[in-house]
Amino acid sequence: MSENTETTGYAFAEAEPRWQRAWAEAHLFDVPDVPAPGTPTYYVLEMFPYPSGQLHMGHVRNYTLGDVVARYKRARGFSVLHPMGWDAFGLPAENAARERGVHPAEWTFANIATMRATLQRLGFSLNWDREFATCEPRYYGLQQALFLDMLAAGLAERREAYVNWDPVDHTVLANEQVIDGRGWRSGAPVEKKKLSQWFLRITDAAESLLSGIDTLTRWPERVRTMQARWIGRSEGAKVQFALADGSDARIEVFTTRPDTLFGMSFLAIAPEHPIAARVAASDAKAAAFIAECAALGTSEAAIEQAEKRGYDTGLRVAHPFIEGATYPVWIANFVLMEYGTGAIFGCPCGDQRDLDFARKYGLDVPVVVLPPGEDASSFGVGDTAYDGDGTLIRSGFLDGMDFATGRRAAIERLESIGAGEGVVNWRLRDWGVSRQRYWGCPIPIIHCAACGPVPVPHEQLPVELPADVRFDLPGNPLDHHPSWKHVACPACGAAAVRETDTFDTFVDSSWYFARFASPHAPTPTDPDAARAWLPVDQYVGGIEHAILHLLYARFFTRAMHRTGHVSVDEPFAGLFTQGMIHHETYRDASGWVAPDEIVRTAGGATRRDSGAPVEIGRVEKMSKSKRNTIAPAPIIERFGADTARLFVLSDSPPERDLEWTEAGVTGAARFGQRLWRLVGRIAEEAKAGDTQAAEVPESYGEAADTLMRATHRTIAALTEALETFTFNVGVARLYEFANALAEAERAEPTPDLVWARREAARTLCLLIAPMMPHLAEEMLSRLEPGGALAASRAWPEADPGWLAARSVKLAVQVMGKLRGTIEVAPDASEADVLALAEAEPNVARLIEGRRVVKRIYVPNRIVNLVVAG
RNA sequence: GCGGGCGUGGCGGAAUCGGUAGACGCAGCGGACUCAAAAUCCGCCAUUCGCAAGGAUAUGUCGGUUCGAGUCCGACCGCCCGCACCA
């Protein structure tokens with residue numbers, strides 16, 4: 001394989017930047033914020049990148065997929081919004097500051113410059129004039145305005161909540177930053193700490209977020225399922241249990257099975273439950289048990305999960321239905337404070353966890369559900385609970401009822417005696433957005449001793465981050481800053497302090513798609529622009545954002561709708577989730593070896609430097625730790641942007657994982673060169689015989705006819721492939737079309753064929769333009785010097801007249817087995833076709849002397865003869 | 001455990017509404033060009049029996065529906081992903 005462009009013909013290194021300049025000069029990808037009325041619009045968006053410093057192959061795939069859609073839709077006559085920006089706040093910038101002493105802003109903008117250059121080198125049809133980074137005050141200042149509007153609308157509130165606290169770094173950690181109960185940076189044991197935090201009331205929108213999933217018909221089913229499960233609606237009842245200690249204290253329990261209340265054996269509360277704390281105050285053993293549970297932390301919970309443990313508080317509660325009956329109250333490690341009410345009633349016969357617990361501590365196991373077909377006198381529960389439907393027994397007024405009836409009756413009774421009510425419980429929790437970090441959007445609040453938390457007045461926005469901060473102290477640099485936080489209270493004028501927390505970076509990415517519609521508007525959105533462009537018609541990104549980002553964005557859109565910033569509830573009408581990029585792994589005695597350090601040989605691989613053998617490992621997701629990443633920039637350098645683009649589109653369906661191989665890349669490069677030569681020859685020929693090929697032929701000879709049919713079949717196939725996101729099939733159809741063009745070179749170049757070849761070549765340029773846009777321009781300009789840019793031309797239309805086949809090859813089966821094929825006219829009569837089929841020599845041989853009892857004829861498909869005997 | 005997805009040649013994958021399984025590419029093999037190589041162009045390429053004509057077997061396994069099943073139904077096996085004590 002040659003790495004020298006000069007020997008391979010098409011000089012992409014020179015051509016690609018040239019066409020990129022031509023597109024920019026023609027302003028082909030610019031669109032107005034508010035398009036003229038009646039303009040068909042299409043909004044294509046890929047998830048914007050975090051500016052880590054280097055574009056990776058996942059980005060190349062992501063943005064190529066989006067660019068294919070954008071260019072195709074543009075060719076179909078849509079005004080296409082296809083913007084790009086930077087998800088620029090976040091911890092890595094602060095880490096760089098701590099480790100290398102470079103300011104987060106400097107680090108971030110340098111990274112953006114590098115990555116923007118690579119993106120531009122790839123030739124994406126982006127509206128670069130709409131670019132912004134979320135760390136710019138012109139963006140985050142408007143985010144602060146949005147927050148204040150939401151606060152005023154009751155969508156945000158301040159409340160106390162537990163957080164993972166790193167006592168060394170003085171910072172809050174996200175769950176994924178807690179490893180084995182310790183902070184990922186400091187290694188210190190993480191504490192649960194109660195802090196005042198800002199919350200966005202996403203739970204208010206739970207019902208709407210859940211029902212809205214039904215309208216997202218162009219989302220992958222599994223993302224919809226994951227979201228629905230995350231929101232987690234469950235119907236049941238809250239039940240009050242009065243403590244049997246003479247006080248009027250009650251413990252509230254959530255259950256989805258109020259019908260099994262008569263199967264109660266105990267009540268269990270979470271270790272963090274207030275009653276547990278009350279017990280612990282006077283019971284050292286209880287306190288020790290609670291401390292033990294807390295020490296396990298969230299991550300080790302998984303390991304200890306199998307083991308159910310509890311502590312009997314000695315308290316007892318009364319049963320709401322059974323006069324005089326009381327049950328023990330346990331503290332149990334498997335009861336979660338965060339879900340429901342943090343307390344459960346234990347019904348061992350119908351719940352495996354309760355049964356495990358009851359068996360371990362020798363508690364009663366009353367059987368109250370009789371599975372269908374079982375006998376009440378003989379049915380018992382061993383070590384497996386029965387949670388299916390059945391008939392209620394030993395359940396007082398519920399006896400004989402099924403699950404649904406029993407539940408209704410139980411709730412009715414609970415409500416009538418004031419001991420509970422039917423409720424809907426959600427797994428979704430409110431979204432805590434406070435982070436004790438510097439490199440984020442400041443929360444626009446001022447804390448005043450007299451007035452409490454006061455919103456920063458709109459005219460004082462943006463609250464800008466101070467540039468002069470120190471990273472050599474633990475904790476939040478904003479907090480250490482000598483002057484920044486000290487301000488006058490906007491309400492009373494007294495000395496007050498700014499909120500030093502910043503927003504979770506998921507907030508930044510929850511509305512950027514709306515800002516892209518009018519990135520220079522003085523308000524967060526321009527209502528006309530938002531109405532014109534939203535929702536995003538096609539969103540493209542990684543499956544890893546299936547839940548959080550997409551759910552937050554859906555919530556934010558609802559909140560922005562309510563506060564008058566947009567007029568839709570759902571941000572993304574269509575969603576496509578791409579697969580990851582994989583690569584072979586290599587290792588030797590020293591550990592993982594990178595692909596550019598090895599030489600692939602016939603039987604294996606060796607080190608480039610020493611020639612020592614290297615073990616070839618599994619094909620795995622590209623990752624730094626396995627050192628199996630391929631950087632896009634050198635690939636573009638060696639093979640060109642179009643080759644990189646074509647490769648990520650070919651072979652694998654976009655939603656599936658793609659294996660990056662050297663052979664695959666060189667294959668894609670070869671195809672580009674082959675097209676260039678093929679079209680080049682046609683351009684030369686057309687030039688030589690100009691007058692001959694200028695007119696539309698009156699009739700076509702066989703070769704021209706075949707090529708014309710191939711051309712229009714390919715138009716239809718590509719259109720279908722691009723509409724259905726089966727780009728790999730589209731690439732295959734283009735290969736076939738190139739083969740057809742090559743085939744046509746072998747026939748006598750009569751004027752009709754010359755014309756057909758030129759038509760085919762021109763069509764090929766337009767069809768390949770969304771995938772290999774530079775090559776398309778280069779080829780088209782050779783074919784039609786001085787003609788319009790491919791990127792400005794309309795998508796070709798398939799002529800139905802050319803789509804019909806001249807003749808059809810039919811399969812002929814006998815008894816369902818293929819025995820031959822026949823060639824028939826598409827409009828041949830059934831009788832003719834059957835006669836021809838039975839005359840086919842091999843078929844005739846097989847049916848000879850036997851009676852054909854049934855003849856099946858599916859036009860254009862198949863003939864099947866069923867014979868007797 | 002629960003939820004979702006996927007099993008097709010040496011490899012990535014294709015196959016409309018149930019209608020010729022393996023498109024297209026990669027790898028491999030043969031040929032042309034060349035002093036030679038690279039590049040390029042042409043051809044072959046599921047397995048198996050057969051000189052051939054043709055036949056048999058094949059879409060994870062077993063069974064079913066059907067004139068006909070990769071596709072539909074049932075059971076099972078394997079792999080991947082997500083969630084995971086959610087009451």
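Everything quoted here is computed from the prediction, not taken from an experiment.
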Quick check for you: among B/G19, B/G82, B/C24, whose closest atom lies nearest to any side-chain atom of A/Met226? B/G82
For the side chain of A/Arg257 and the backbone of A/Gly236, is there at least one donor-acceptor N/O pair under 3.5 Å apart? no
Do A/Ser234 and A/Tyr339 meet the criterion of a side-chain donor-acceptor pair at a distance under 3.5 Å? yes
With a non-hydrogen cut-off below 4.0 angstrom, is A/Lys817 in contact with a base, only sugar-phosphate, or nothing? sugar-phosphate
Paired with B/A56 by Watson-Crick or G-U wobble geometry, both distances under 3.5 Å: which nucleotide is it? B/U47
Can you list every salt bridge (Lys or Arg N to Asp or Glu O under 4.0 Å) pair that touches residues 338-347 of chain A, not counting sequence neighbours? none
Presence of A/Arg819 side-chain N/O under 4.0 Å of B/A53 phosphate oxygens OP1/OP2: no
Taking every heavy atom of A/Glu838 against every heavy atom of A/Val843, the minimum-distance pair comes out as CA-CG1, 4.3 Å
Of the non-hydrogen atoms in A/Leu803 and A/His712, which two are nearest, and what is the gap between them? CD2-O, 3.3 Å
OP1 or OP2 of B/A87 versus the side-chain N and O atoms of A/Tyr339: is any pair under 4.0 Å? yes
Between B/C26, B/A87, B/G12, which one does the side chain of A/Asp651 approach most closely? B/G12
Does A/Arg677 put a side-chain nitrogen or oxygen below 4.0 Å from OP1 or OP2 of B/C41? yes
Heavy atoms from C-beta onward define the side chain here; which of B/C24, B/A87, B/G3 lies closest to that of A/Phe254? B/A87
When you compare the protein's N or O atoms with those of nucleotides 16-18 of chain B, which come within less than 3.5 Å of each other, and at what distance?
| unit_1 | atom_1 | unit_2 | atom_2 | d |
| --- | --- | --- | --- | --- |
| B/U16 | N3 | A/Arg861 | NH2 | 3.4 |
| B/U16 | O4 | A/Arg861 | NH1 | 3.4 |
| B/U16 | O4 | A/Arg861 | NH2 | 2.5 |

Syn or anti for B/C17, taking syn as within 90° of 0? syn
CD/A/Glu743 to CG/A/Asn739 distance, rounded to the nearest 0.5 angstrom? 9.0 Å
Taking any strand in view, what nucleotide pairs with B/G3 in a Watson-Crick or G-U wobble way, both distances under 3.5 Å? B/C81
Below 4.0 angstrom from OP1 or OP2 of B/A84, is there any side-chain N or O of A/Arg427? yes
Among side-chain atoms of A/Glu823 and A/Ser807, is any donor-acceptor pair under 3.5 angstrom? yes
According to the Watson-Crick and G-U wobble definitions, with both distances under 3.5 Å, which nucleotide is paired to B/G25? B/C11
Is it the case that atom CZ in A/Arg806 sees more than 12 heavy atoms from other parts of the structure closer than 6.0 Å? yes
Close residues, residues 340-351 of chain A, relative to RNA chain B [heavy-atom separation under 4.0 Å]: A/Ile344
Which atoms form the tightest heavy-atom contact between A/Ile202 and A/Arg429, and what is the distance? CG2-O, 3.2 Å
Regarding B/G9, purine or pyrimidine glycosidic angle vs 90° from 0 gives syn
My understanding is that a pair needs two contacts under 3.5 Å, Watson-Crick or G-U wobble. By that rule, which nucleotide pairs with B/C72? B/G64
